Amino acid sequence: MPVYIDVHGGGFVYGYKELNRNFCIALARRGFAVISISYRVYPQADFLGQLQDVNAAIGWLQNHADEYPIDPNRMGITGDSAGGCLSLYTLAIQSDPELLDQEKLGFKQTNLRFGALVSGKFNLSEYVDDTPIIDGNEPDLLRILAKPLFGRFIDAAECSKIYSLRNLTGKLPPLFLTTSSDDFIQYESLALADALARNHVDFELHDIRPAKGEALGHIFPVGLPWLEESEYVLDRLKTFTYEVM
């Protein structure tokens with residue numbers, strides 16, 4: 001079976017893989033094997049350490065693929081919120097050897113063929129230097145934790161790639177993006193879609209507008225996979241993935 005590796009959200013400071021049980025079941029019902037992973041949250045690990053945890057989990061699965069009824073040549077990654085960010089940068093590290101020194105930092109080679117990102121935090125450019133963050137939509141927690149959380153990764157990475165989503169995304173595999181018009185970081189998915197389009201990366205974006213009097217909010221396909229809108233998005237995710245894998 002084709003595989004989705006699922007990376008949970010939680011603002012980089014909270015969460016565990018069991019939170020996404022219903023989402024993983026929804027993916028499994030659509031014909032995917034789903035491997036749900038945990039990673040150390042801050043302050044146990046910063047962003048670079050979390051990326052190393054995700055990489056280690058993928059490496060373990062690749063080494064043990066013959067123990068499961070899965071196709072190691074059809075593996076992808078999905079993540080929501082902070083997990084979406086970790087998934088994007090996992091794909092970027094895999095796709096661009098110039099992003100950072102993978103051997104020095106202990107990253108093993110991965111073979112992810114596609115990704116599905118739900119309401120992620122993607123743009124790290126505001127954390128590259130000490131310039132004050134003026135975007136009122138930015139969560140206060142990330143403002144406070146920016147330097148200790150992202151600093152070591154930013155210091156290790158090629159700065160030009162971090163400054164610009166367009167510089168980061170040029171070599172990525174096909175991506176499926178989901179957000180909603182009442183998602184508090186909707187703009188992040190739209191900015192990522194713009195960068196992907198400018199780089200001619202294969203992607204599909206679903207920015208769902210809730211019906212009058214209803215709400216979807218942040219990561220609705222993960223938190224509420226039984227909603228009609230979630231079912232629609234998950235069905236489209238299945239079609240997209242089977243077309244690009």
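Throughout, residue positions are numbered sequentially from 1 according to the sequence presented. Please read these numbers as outputs of a predicted model, since none were measured by experiment.
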What pairs with [X] under side chain to side chain donor-acceptor pair (under 3.5 Å), at least two apart in sequence or on another chain?
X      : result
Tyr4   : Thr241
Asp71  : Arg74
Asp207 : Gln186
Ser230 : none

Student check: side-chain heavy atoms of Ile162 and Tyr89 closer than 4.5 Å: yes
Partner residues of Lys108 under the salt bridge (charged side-chain N to carboxylate O under 4.0 Å, His left out) criterion, sequence neighbours left out: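 Scan of Lys108 (salt bridge (charged side-chain N to carboxylate O under 4.0 Å, His left out), adjacent residues dropped) gives none.
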[X] to [Y] - nearest heavy-atom pair and separation:
X      : Y      : value
Pro148 : Ile144 : CD-O, 4.4 Å
Leu172 : Val201 : O-CG1, 3.6 Å
Pro72  : Asn111 : O-ND2, 3.9 Å
Ser87  : Ile77  : OG-CG1, 3.6 Å

Atom CD of Glu18 with >12 non-hydrogen neighbours under 6.0 angstrom: yes
Greater than 12 external heavy atoms within 6.0 Å of Gln109's CD: no
Side-chain (Asn63) to main-chain (Gly59) donor-acceptor, under 3.5 angstrom: yes
N/O donor-acceptor pair under 3.5 Å between Thr110 side chain and Leu112 backbone: no
Between side-chain atoms of residues 211-218 and protein atoms elsewhere (two or more places apart, or another chain), which donor-acceptor pairs fall under 3.5 Å?
| from | atom 1 | to | atom 2 | distance (Å) |
| --- | --- | --- | --- | --- |
| His218 | ND1 | Asp183 | OD1 | 2.8 |
| His218 | NE2 | Ser81 | OG | 2.8 |

Qualifying ring pair (Phe, Tyr, Trp, His ring centres under 6.0 Å) pairs, either residue in residues 61-80, two or more places apart: Trp60-His64
Table please: side-chain donor-acceptor pairs of residues 35-47 below 3.5 Å, with sequence neighbours left out.
| from | atom 1 | to | atom 2 | distance (Å) |
| --- | --- | --- | --- | --- |
| Ser36 | OG | Lys17 | O | 3.4 |
| Ser38 | OG | Lys17 | N | 3.4 |
| Tyr39 | OH | His8 | O | 2.8 |
| Arg40 | NE | Asp53 | OD1 | 3.3 |
| Arg40 | NE | Asp53 | OD2 | 2.8 |
| Arg40 | NH2 | Gly49 | O | 3.4 |
| Arg40 | NH2 | Asp53 | OD1 | 3.0 |
| Asp46 | OD1 | Leu48 | N | 3.3 |
| Asp46 | OD1 | Gly49 | N | 2.9 |
| Asp46 | OD1 | Arg152 | NH2 | 3.1 |
| Asp46 | OD2 | Arg152 | NE | 2.8 |

Result block: side-chain N/O donor-acceptor pairs under 3.5 angstrom for residues 191-198, not counting sequence neighbours:
| from | atom 1 | to | atom 2 | distance (Å) |
| --- | --- | --- | --- | --- |
| Asp194 | OD1 | Arg198 | NE | 3.2 |
| Asp194 | OD2 | Arg198 | NE | 2.9 |

Side chain to side chain contact (heavy atoms under 4.5 Å, CB included) assessment of Tyr187 paired with Asn123: CA-CA 10 Å; Tyr187 62 93; Asn123 186 2; over 6 Å; no
Salt bridge (charged side-chain N to carboxylate O under 4.0 Å, His left out) pairs, two or more places apart, involving residues 55-67: none
Side-chain donor-acceptor pairs of residues 97-105 under 3.5 Å, sequence neighbours excluded:
| from | atom 1 | to | atom 2 | distance (Å) |
| --- | --- | --- | --- | --- |
| Asp101 | OD1 | Glu103 | N | 3.4 |
| Asp101 | OD1 | Lys104 | N | 3.1 |
| Gln102 | NE2 | Ile93 | O | 2.8 |

List the atom pairs, with distances to 0.1 Å, where a side-chain N or O of residues 233-240 and a protein N or O form a donor-acceptor pair under 3.5 Å, not counting sequence neighbours.
| from | atom 1 | to | atom 2 | distance (Å) |
| --- | --- | --- | --- | --- |
| Asp235 | OD1 | Arg30 | NE | 2.9 |
| Asp235 | OD1 | Arg30 | NH2 | 3.2 |
| Arg236 | NE | Glu204 | OE2 | 3.1 |
| Arg236 | NH2 | Glu204 | OE1 | 3.0 |
| Arg236 | NH2 | Glu204 | OE2 | 3.1 |
| Thr239 | OG1 | Asp235 | O | 3.2 |

